[in-house]
Amino acid sequence: MSRYLSRRGFLGLSGGVALSAAVGCSTSMTSGELLRSRARLPKPFTVPLPIPAQAVPVVDASGASRFEVVQRAAEAEILPGTRTTVWGYDGTFPGPTFRVRSGHEAVVRVRNELVVPTSTHLHGGVTAPESDGYPTDLVVSKGGYSPAVNAAHQAMQNGGHGGHGGHGGHGAMVVRPHQWTTHDQAKDYVYPLAQRAATLWYHDHRMDFSGPQVWRGLAGFFLVTDAEDEALPLPSGERDVPLMICDRAFEAGGEFRYPALDPALIGTPGVEDDFMEGVLGDVVLVNGAPWPVLEVDAARYRLRVLNASNARRYRLRLDPEPPDGSPAFVQVGSDGGLLERPVGHDRVPISPAERFDLVVDFGRYPVGTEVTVRNTLGETDGTREVMRFRVVRRARDESRIPERLSEPRLPTRGDAVRTRTFDFRQTKRAGARVWTINGRVFDPDEHLADPALGTVELWRLSSDFHHPVHLHLAHFAVVGRGAGAPAATDAGWKDTVDVRPYETVEVLARFDGFKGRYMMHCHNLEHEDMAMMANFRVT
Ligand code: C2O
Ligand code: CU
Ligand code: CU
């Protein structure tokens with residue numbers, strides 16, 4: 001870490017940006033610190049890939065689908081022969097997959113039966129502020145811990161504002177007691193879903209504790225479908241497979257391992273100093289299973305890949321590569337739904353919270369081939385592997401990938417009514433290292449931008465480290481990366497973008513849907529918990 005601090009020390013902000021050509025991404029492949037498991041780890045590619053259960057509406061009246069999910073602790077067998085306590089929506093990790101139609105309102109009642117408060121955010125959703133899962137808008141379980149009630153006690157315990165003893169104090173505790181909103185046991189989140197079909201996901205967003213709470217399992221898929229998407233001849237049904245990739249570490253007995261300063265997740269927030277850059281596990285899970293295997297037909301599959309890791313970036317490739325020399329993956333969709341045209345990639349870099357909708361044609365391989373998804377950014381044998389597909393049979397395949405997929409109507413530079421700059425950076429505050437945006441730690445009372453509803457703005461995002469930058473509400477197009485054009489993998493509507501060390505990424509964001517308070521933040525969950533968030537207000 002010191003290398004970033006010292007570099008920034010004499011180069012300053014613009015110097016840091018200029019440095020990108022010289023250091024590129026070679027200085028820092030890693031986006032966090034490796035936490036090793038103490039458990040015996042299974043042999044890769046032995047556990048079958050689980051497919052999360054689908055959420056079913058409990059009532060279906062007046063055109064709105066009503067769902068109810070219960071956040072609770074449950075035991076799961078993640079490493080064969082051991083037990084892991086997960087905190088899951090309906091007690092499962094990943095939580096149930098919601099499949100809902102664009103334009104049809106969904107109301108999701110989230111009932112909290114955990115000992116800690118939660119806030120549920122629909123990532124990629126165009127949602128009114130009161131249902132957006134703001135970090136201080138909490139559901140508190142019966143008899144569970146409530147920061148609103150316990151704030152005074154908590155402040156004492158932490159030695160007041162910003163005090164974190166000798167630890168990497170990070171400017172949390174900026175939230176004053178009166179600012180909490182609490183809901184008793186349950187909250188109805190209203191999702192109008194007046195948006196394109198896309199692979200969204202939902203996860204916990206509790207102030208200061210999203211990292212550990214997502215690590216324990218509070219995340220799931222939320223798939224929005226529409227007539228346009230369904231009319232395409234893309235692979236569907238059993239051949240439309242959501243893949244939630246995330247890394248974890250395990251204690252000897254099988255419990256999740258995480259370096260929280262307070263493992264009870266009620267007192268001091270944050271992680272041990274060594275993990276300030278982010279927590280990386282040594283086990284790669286897909287849909288909650290370690291290095292799983294899926295038996296597939298020799299046919300096309302649509303893989304909806306989500307990186308739900310706290311801090312780990314992956315660059316996915318297929319091994320072996322397709323024998324016919326065609327691109328390993330054909331991307332048909334991004335965070336915000338279908339691309340205009342399919343784009344072929346041999347490597348797919350994916351940072352936390354990004355989604356890639358990829359078609360892989362296993363018909364290119366002889367039956368009997370084992371096709372392994374590998375991660376070229378892994379730092380250990382285990383983290384270089386993701387999962388395996390076993391091509392087991394010939395099968396009919398009526399799917400195809402059309403030349404034109406959709407009309408995403410992305411904004412162009414001429415649409416931008418103004419330009420703003422946001423710098424994501426670690427700074428020093430009273431001797432402690434803090435993650436900041438434009439030099440500020442998160443303050444719920446402050447906003448850094450006030451875009452007008454219905455307008456497009458050019459936002460320039462610069463950084464000192466790997467920061468996957470996410471905007472709530474607003475979807476955007478990436479129009480510049482470093483000195484040049486965006487990468488091929490930046491295509492389409494996005495809500496999260498991989499900003500690399502000493503790089504500036506330009507996005508054109510459209511502020512549509514609702515007025516009010518929203519947030520932007522780094523989606524490295526350790527950075528987010530350490531206050532790398534900011535409000536913007538749509539006016
Ligand atoms: Cu997926 Cu505010 O986050
Ligand atoms: Cu979000
Ligand atoms: Cu970050």
Side-chain angles (χ1 to χ4, degrees), residues 1 4 28 30-33 118-127 129 131-137 170 189 191 195 198-211 213-214 218-222 244 246 271 275-280 306-313 335-336 351-355 422-427 433-438 441-442 444 461-476 493-503 505 509 513-514 517-536:
M1 191 60 239
Y4 295 111
S28 174
T30 173
S31 47
E33 187 68 26
T118 62
S119 176
T120 298
H121 171 58
L122 176 59
H123 182 124
V126 177
T127 306
S131 283
D132 198 42
Y134 197 75
T136 57
D137 184 4
H170 57 64
Y189 291 89
Y191 302 127
Q195 58 186 106
T199 301
L200 312 186
W201 64 301
Y202 61 97
H203 60 81
D204 184 59
H205 218 301
R206 176 189 166 199
M207 184 75 196
D208 294 339
F209 294 96
S210 299
Q213 296 194 170
V214 171
L218 291 171
F221 278 101
F222 197 105
M244 177 192 283
C246 58
V271 289
F275 295 92
M276 188 170 174
E277 275 73 45
V279 181
L280 305 177
L306 156 67
N307 181 357
S309 306
N310 283 30
R312 181 177 291 283
R313 297 169 71 244
D335 302 343
S351 69
E354 285 189 296
R355 285 90 68 208
F422 299 95
D423 184 47
F424 289 73
R425 187 164 300 267
Q426 191 176 93
T427 50
R433 297 177 293 154
V434 293
W435 292 109
T436 58
I437 302 176
N438 286 354
V441 294
F442 178 59
L461 313 168
S462 60
S463 80
D464 61 342
F465 189 68
H466 289 284
H467 298 296
V469 175
H470 170 50
L471 270 59
H472 286 210
L473 182 78
H475 297 172
F476 53 76
W493 282 107
K494 302 276 295 162
D495 56 51
T496 307
V497 64
D498 183 23
V499 183
R500 298 173 302 185
Y502 303 102
E503 184 175 59
V505 171
F514 296 93
R517 180 179 65 172
Y518 289 94
M519 48 183 4
M520 65 187 299
H521 59 86
C522 178
H523 220 290
N524 174 315
L525 296 183
E526 282 72 40
H527 298 188
E528 173 181 335
D529 282 345
M530 290 183 247
M532 199 172 226
M533 303 195 283
N535 289 323
F536 60 87

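Whatever order the structure lists them in is the order used to number ligands and atoms, beginning at 1. Residue indices begin at 1 and follow the sequence shown.
Around the Cu ion (ligand 2), the protein contributes the following N, O or S atoms under 2.8 Å, ordered by chain and number: His121 NE2, His470 NE2.
A distance of 5.0 Å separates CG of Asp132 from NE2 of His121, quoted to the nearest 0.5 Å. With values rounded to the nearest 0.5 angstrom, Phe476 atom CZ is found 7.0 Å from Leu461 atom CG. Rounding to the nearest 0.5 Å places CE of Met533 at 4.5 Å from CZ of Phe442.
Looking at His527 and the Cu ion (ligand 3) together, the shortest N, O or S contact belongs to ND1. Nearest to the Cu ion (ligand 3), among the N, O or S atoms that His467 has, is ND1.
Ring-centre distance between His521 and His527: not below the 6.0 Å cut-off.
Partners of Tyr189 by ring-ring contact (aromatic ring centres under 6.0 Å, His included), not counting sequence neighbours: none found. Qualifying side-chain hydrogen bond (donor to acceptor under 3.5 Å, both in side chains) partners for Asp137, counting only residues two or more places apart in sequence or in other chains: His183, Lys187.
No donor-acceptor pair closer than 3.5 Å links the side chain of Arg355 to the backbone N or O of Ala198.
Using a cut-off of 4.0 Å between Lys/Arg side-chain N and Asp/Glu carboxylate O, Asp464 and Arg425 are scored as not salt-bridged.
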- Task: Go through the steps for Glu528 and His205 under the test side-chain hydrogen bond (donor to acceptor under 3.5 Å, both in side chains), then give the verdict.
- Result: CA-CA 9 Å; Glu528 173 181 335; His205 218 301; 3.3 Å; yes
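The Cu ion (ligand 3) lies at 2.8 Å or more from every N, O or S atom belonging to His523.
Side-chain atoms of His475 and Asp335 form no donor-acceptor pair, as typed in the model, at a separation below 3.5 Å.
Within the protein, the number of N, O or S atoms lying under 2.8 Å from atom 2 (Cu) of ligand 1 is 3.
The only option from Glu526, His466, Gln426 that meets the side-chain contact (heavy atoms from CB on, under 4.5 Å) definition with Glu277 turns out to be Gln426.
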